[in-house]
Amino acid sequence: DGGITQSPKYLFRKEGQNVTLSCEQNLNHDAMYWYRQDPGQGLRLIYYSQIVNDFQKGDIAEGYSVSREKKESFPLTVTSAQKNPTAFYLCASSIRAAEAFFGQGTRLTVV
Amino acid sequence: AQSVTQLDSQVPVFEEAPVELRCNYSSSVSVYLFWYVQYPNQGLQLLLKYLSGSTLVKGINGFEAEFNKSQTSFHLRKPSVHISDTAEYFCAVSGTGANNLFFGTGTRLTVIP
């Protein structure tokens, strides 16, 4: 079955650590996105990529980094510079912006 | 740029009653419009989309939405809700030539038995 796989589902981070969230898709979509979801704030765009080896900052990119070395993969690193990383992170892919398909999300908690 | 406003953060409704979730957008260009549903601790699932053509769009689970260009609205409706419709609903917009989706802040629909 085609789809988007995010891992892990739950992730715990200590203060000062970097962590990487995985996102893999086998839909052959060019575009991939990372969103952060906080209660009452909807989805906010962190980074997006339209093509391999290229990506752009979204509205809240500070404290995050990404790479797009393969079409299928778009990992997100939450760095120690992100002061409030506890949130639900969603990865999506699309053929341009006609329709986005979402993964099941990763819940990150700082301990 | 585009933006979306979902006026109601929470909508309680009794089972088998009708419901309307409101969505207004702003854009200086032609748009695509979407409604997504999210169940707890899960990703978003597409309910329906408007790309072009008929302004009345039918989606999954008995939902429908009407694109109203003059009022810049895309309200979601269902004539009779079920307990299983309890979830969070997001409206989203993109420009037809754009590379990104803009989401509203969501409406939590609670169906009361």
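All chains are named by letter (A, B, ...) in the order of the sequence lines, taking the proteins before the strands, and each is independently numbered beginning at 1.
By the 6.0 Å contact criterion, CD on A/Q56 is enclosed, its count of non-hydrogen atoms from other residues, nucleotides or ligands being greater than 12. More than 12 heavy-atom neighbours from other residues, nucleotides or ligands sit within 6.0 angstrom of NZ on A/K9.
To the nearest 0.5 angstrom, A/Y10 atom OH is 4.5 Å from B/N41 atom CG. Rounding to the nearest 0.5 Å gives a distance of 9.0 Å between CZ of A/F102 and CZ of B/F90.
Scanning residues 103-113 of chain B against chain A with a 4.5 Å non-hydrogen threshold yields B/F103, B/G104, B/T105, sorted by number. Of residues 75-90 of chain A, those residues with a non-hydrogen atom less than 4.5 Å from any non-hydrogen atom of chain B are, in numerical order, A/F88, A/L90.
With a 4.5 angstrom heavy-atom cutoff, A/Q37 touches chain B only via side-chain atoms. Using a 4.5 Å cut-off between heavy atoms, B/Q45 makes no contact with chain A at all. In this structure, the portions of B/L44 lying under 4.5 Å from any heavy atom of chain A include both its backbone and its side chain.
Taking hydrophobic clusters as Ile, Leu, Val, Met, Phe, Trp and Tyr residues chained together by side-chain heavy-atom distances below 4.5 Å, B/L76 shares a cluster with B/V19. Both B/W35 and B/Y25 are part of a single hydrophobic cluster, where members link through side-chain heavy atoms under 4.5 Å apart. Residues A/F101 and A/Y35 do not share a hydrophobic cluster, defined by chaining ILVMFWY side chains whose heavy atoms lie under 4.5 Å apart. Cluster annotation: B/F74 is connected to B/I60 through the hydrophobic network of ILVMFWY side chains, with a link wherever side-chain heavy atoms come within less than 4.5 Å. Cluster membership check: B/Y39 shares its hydrophobic cluster with B/V11, using side-chain heavy-atom separations under 4.5 Å among Ile, Leu, Val, Met, Phe, Trp and Tyr.
The residue among B/Q6, B/E88, B/Q38 with the most heavy atom pairs within less than 4.5 Å of chain A is B/Q38.
Inter-residue side-chain proximity for A/L43 and B/Y36 is flagged as unmet; no heavy-atom pair is nearer than 4.5 Å.
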